Amino acid sequence: LSYAYVHWGMFVPAIKGSGTEDQQNKWLPLATNMQIIGTYAQTELGHGSNVRGLETTASFDPKTDEFIIHSPTLTSSKWWPGGLGKIATHAVVYARLITDGQDHGVHGFIVQLRSLDDHLPLPGITVGDIGMKFGSGAFNSIDNGFVRFDHVHIPRNQLLMRVSQVTREGKYVHSNVPRQLVYGAMVYVRQIIVVDASIALSRAVCIAARYSAVRRQFGSENHEISGTRVETQVIDYKTQQSRLFPLLASAYAFRFIGEWLKWLYTDLTQKLEANDFSTLPEAHACTAGLKSLTTSAAADGIEECRKLCGGHGYLTSSGLPELYAVFVPACTYEGDNIVLLLQVARFLMKTISKLPSGRNYKLSGATAYMGHMEHYLIKYSCNVQKAEDWLKPNTILEAFEARAIRMCFACAQNLTKFADQSEGFSELSTDLVEAAIAHCQLIVVSKFIKKLRQNIEGNGVKQQLETLCYIYALHLIHKNSGDFLSTGCLNPKQASLANDQLRSLYAKVRPNVIALVDAFNYSDHFLGSVLGCYDGNVYPRLYEEACKDPLNDSVVADGYGEYIQPLLNQQLLNARL
C-alpha cells in the first residue's frame, strides 16, 4: 500500500522518538491499529535540506490553550509527504514554535488533516496531490501531496513534548531528555535505506549478469561447439566484466555494511535507553555518510546495469527502468546526498580538532584509525612491490586509512587559513565532500574485510567473498587513483599493479558469477525481468511480452483510414506524376 512506508517508517517512529509517554499511549495504539493513517510533513515547497529555514508556524494562543498552525507564504506549503495527497488522516507537521512573539525553532506537532467520518479536509486545510513524478510507474502509485494551513487550531498537548514543552501559561521549557535523542529515529530510517540500496543494486546486478551469460555477440570464427559456430557470451568480454563485476562486489559489500548498521542501531538504542549518548554523533555520521555513499552508488549501478543489457535493457519488461525510477529518489529523500556528506565532513573536522598534536591518540569506532595520525602522516609507506601484494587485507586497509587521514588532515589544515570558519567550510566544501567519501569508503572496505575474518560456512564460499572484497577495494583504488597518488599513499607503479591485480581477479570470479547472483535467492516474480529469469529463456519471454502489448490487439492501427491512408495515397499520386 502506498501510504504504509511513511506511516510505519516515519509517522510512528516520530511519535515514538519525540512523544512523551502519555502521548505515545494515546497515539500509538490508534496508529498501530490503523484507526488513523499518518504521514510525515517536514519538507516544504521552498525548503528541503535546510530544516532550520522551514516557514510553517505554530503560534501558541494562551487564551485558548492551543497552537495555531499556519502557512504564511506559498513556499511554506508542505510538499512531498507520501500518503498526504489522498490517504492520510493525520500528520506529524514540523513548524516554527512561537510563544509571545519568540521563535523557538522547528518542532513536531500532531495535526489532524481529514475527518474520520467522511475523509473531507478539516476547516483551514487545503490538501492535494503534487502530480506526476519521474517514470511511468514507480512513485506515481504514491499520493505524494501538498498541504497548506490557514490558522488551524490544535490542542497544546499535540506538540511532541519529549524534549521540550510549552506550559499552560505559554512558557517554553526544556525537559531533562537530551535533544540529541531525536536523532535516534533518523539513524533508524537511514540504516533501512542502506539495506534497501543493497537490495536494489543486487537485483539489477542479478538481471545484468544472467542476461550477459545468455546474450552472445560477435566472437572468433573458429569458436565452435559440437561442430556449430557460436558467438561469444557477452559476459566473457573484458569490457563487460570490468563494468559488471565491481557492481557485483559492491552489492555484497553493501549487504554486509547494512548488517553492520543494523548492529550499530541496536547498540545505539540500548545505550540511549541507558542515557548514554556518547556514540550518537558517530552513529549519526556513519548512517548519514553510508546512506549517501550506497544510494549514489546503487543508483549509478542500476543505470549501468541497464546499459550492460544493451537495447533490451531499455524495455520496461527488462525490469531495470522501473527499478531505477523507484530507487533513484533515495539519493534525495531523508537527506540530500551531498548535504549528508558535508555533515560527515563536519564530524570529521571536529574529531581531528580534538586530537592532541604530535602524537597518537586512542579513538574507538569508525574513526579509530585517526588515532594513528602521526603514523599515517609521517611514517606510512605502502609496501606493495608486486601485484600479488594487493591480496593482503592489511595492505589494502592501510592504504585506505592513509588516504582518508591525509585528505581529512589537509582539509583541517586549509580550514585554519580562514578567519571565518563558515566561509572556509563553504570555500572548501568540494574537498570536504571528497574527504567524507574517502572516510565512508574506508568503513565499507574495513567491514568487508572484518566479515572475511569471521567463520564462514560452505565449501569455497570464503574464497569467493575474498575475491569480491579485493575487487571492490581495488576498483575503488582504480577509480580514485588521483586521491591515492596526490596524497602520496601510493606511487604510480603501485597504482598500476593494483589495476593489474584487478584484471586477474575478474578472470578468477568469472566461473562463479551466476552462482553468486543466484545466492541472492531472488524469485523471478521479485526480479520482474524477462532478461533476468532464472531459466535463461530470454528470447521467448521477450517475444511473449511484446505480443501482450495493447497495440497488438489490432492488426491495423487506429486512425489508419483517417491519417495514414490519405498520406500514402497522396505520395502514390505524386509518384505517378
Side-chain angles (χ1 to χ4, degrees), residues 42-57 73 75-76 94-98 102-107 163-164 172 174 178-183 186-187 190 277-293 296 331-357 361 363 365-367 370 373 377 403-443 483 486-487:
Q42 176 175 292
T43 299
E44 294 178 354
L45 185 58
H47 289 88
S49 299
N50 183 17
V51 176
R52 293 183 179 180
L54 296 180
E55 299 176 85
T56 303
T57 58
T73 63
T75 51
S76 67
Y94 287 85
R96 314 194 71 81
L97 194 160
I98 298 172
Q102 184 177 357
D103 188 337
H104 300 283
V106 175
H107 292 66
V163 173
S164 52
Y172 179 82
H174 288 288
R179 187 172 181 80
Q180 300 95 314
L181 195 65
V182 298
Y183 289 114
M186 199 179 297
V187 169
R190 286 175 181 163
F277 301 93
S278 59
T279 60
L280 185 55
E282 183 188 358
H284 176 257
C286 282
T287 51
L290 292 171
K291 181 269 182 187
S292 175
L293 182 76
S296 293
C331 295
T332 305
Y333 62 62
E334 283 307 300
D336 174 85
N337 281 356
I338 297 300
V339 174
L340 292 181
L341 289 172
L342 288 171
Q343 291 178 10
V344 175
R346 286 189 185 278
F347 169 76
L348 294 173
M349 295 303 102
K350 189 175 182 180
T351 300
I352 288 177
S353 69
K354 293 180 179 179
L355 293 175
S357 59
Y361 187 73
L363 292 172
T367 56
M370 287 190 171
M373 185 166 289
L377 290 179
R403 170 206 179 203
I405 278 186
R406 292 181 181 186
M407 292 179 71
C408 289
F409 185 74
C411 287
Q413 277 193 318
N414 288 332
L415 280 173
T416 62
K417 300 174 183 178
F418 292 85
D420 184 347
Q421 287 294 291
S422 61
E423 179 188 350
F425 205 87
S426 176
E427 188 67 26
L428 299 172
S429 58
T430 301
D431 293 342
L432 288 161
V433 164
E434 291 175 354
I437 290 173
H439 171 73
C440 294
Q441 288 176 343
L442 165 61
I443 294 175
D483 290 346
S486 65
T487 54

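Please read these numbers as outputs of a predicted model, since none were measured by experiment. Just so you know, residue 1 is the first one in the sequence shown, and it goes up from there.
Put simply, CG on Asn414 and CG on Asp431 are 7.0 Å apart, with the number rounded to the nearest 0.5 Å. Taking CD from Glu44 and CG from Leu54, the interatomic distance works out to 4.5 Å, rounded to the nearest 0.5 Å.
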Would you please test Met370 and Leu348 for side chain to side chain contact (heavy atoms under 4.5 Å, CB included) and show each step? CA-CA 9 Å; Met370 287 190 171; Leu348 294 173; 3.6 Å; yes

Apply side chain to side chain contact (heavy atoms under 4.5 Å, CB included) to the pair Leu342 and Phe425, showing each step before the final yes or no. CA-CA 9 Å; Leu342 288 171; Phe425 205 87; 4.0 Å; yes

Begin with the C-alpha distance, continue with both residues' side-chain angles, and end with the deciding distance and a verdict on side chain to side chain contact (heavy atoms under 4.5 Å, CB included) for Met373 and Ile352. CA-CA 9 Å; Met373 185 166 289; Ile352 288 177; 4.0 Å; yes

Check step by step if side chain to side chain contact (heavy atoms under 4.5 Å, CB included) holds for His47 and Val51. CA-CA 7 Å; His47 289 88; Val51 176; over 6 Å; no

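A donor-acceptor pair is defined here as one N or O able to donate and one able to accept, closer than 3.5 Å; such a pair exists between the side chain of Arg96 and the backbone of Arg52. Using modelled atom types, one side-chain atom of Glu282 and one backbone atom of Ala366 make a donor-acceptor pair closer than 3.5 Å. Within the 3.5 Å criterion, the main-chain N or O of Glu423 finds no donor-acceptor partner in the side chain of Ser426. Without hydrogens or angle criteria, Arg190 side chain to Thr287 main chain gives no donor-acceptor distance under 3.5 Å.
In this pair, His107 and Tyr172 present their aromatic rings perpendicular. The plane angle is above 60°, beyond the 30 to 60° band.
Of all heavy-atom pairs between Ala435 and Met407, the closest is N-CE, 3.9 Å. Between Ser292 and Leu341, the shortest heavy-atom contact is OG-CG, 3.3 Å. Looking at every heavy atom in both residues, Thr56 comes nearest to Ser76 through OG1-O, 3.1 Å. The shortest heavy-atom contact between Ala288 and Gln343 is CB-OE1, 4.4 Å.
For the residue pair Asn337/Ser296, the side-chain donor-acceptor check at 3.5 Å is satisfied. With hydrogens and angles left out, the side-chain atoms of Glu55 and Thr75 include a donor and acceptor closer than 3.5 Å.
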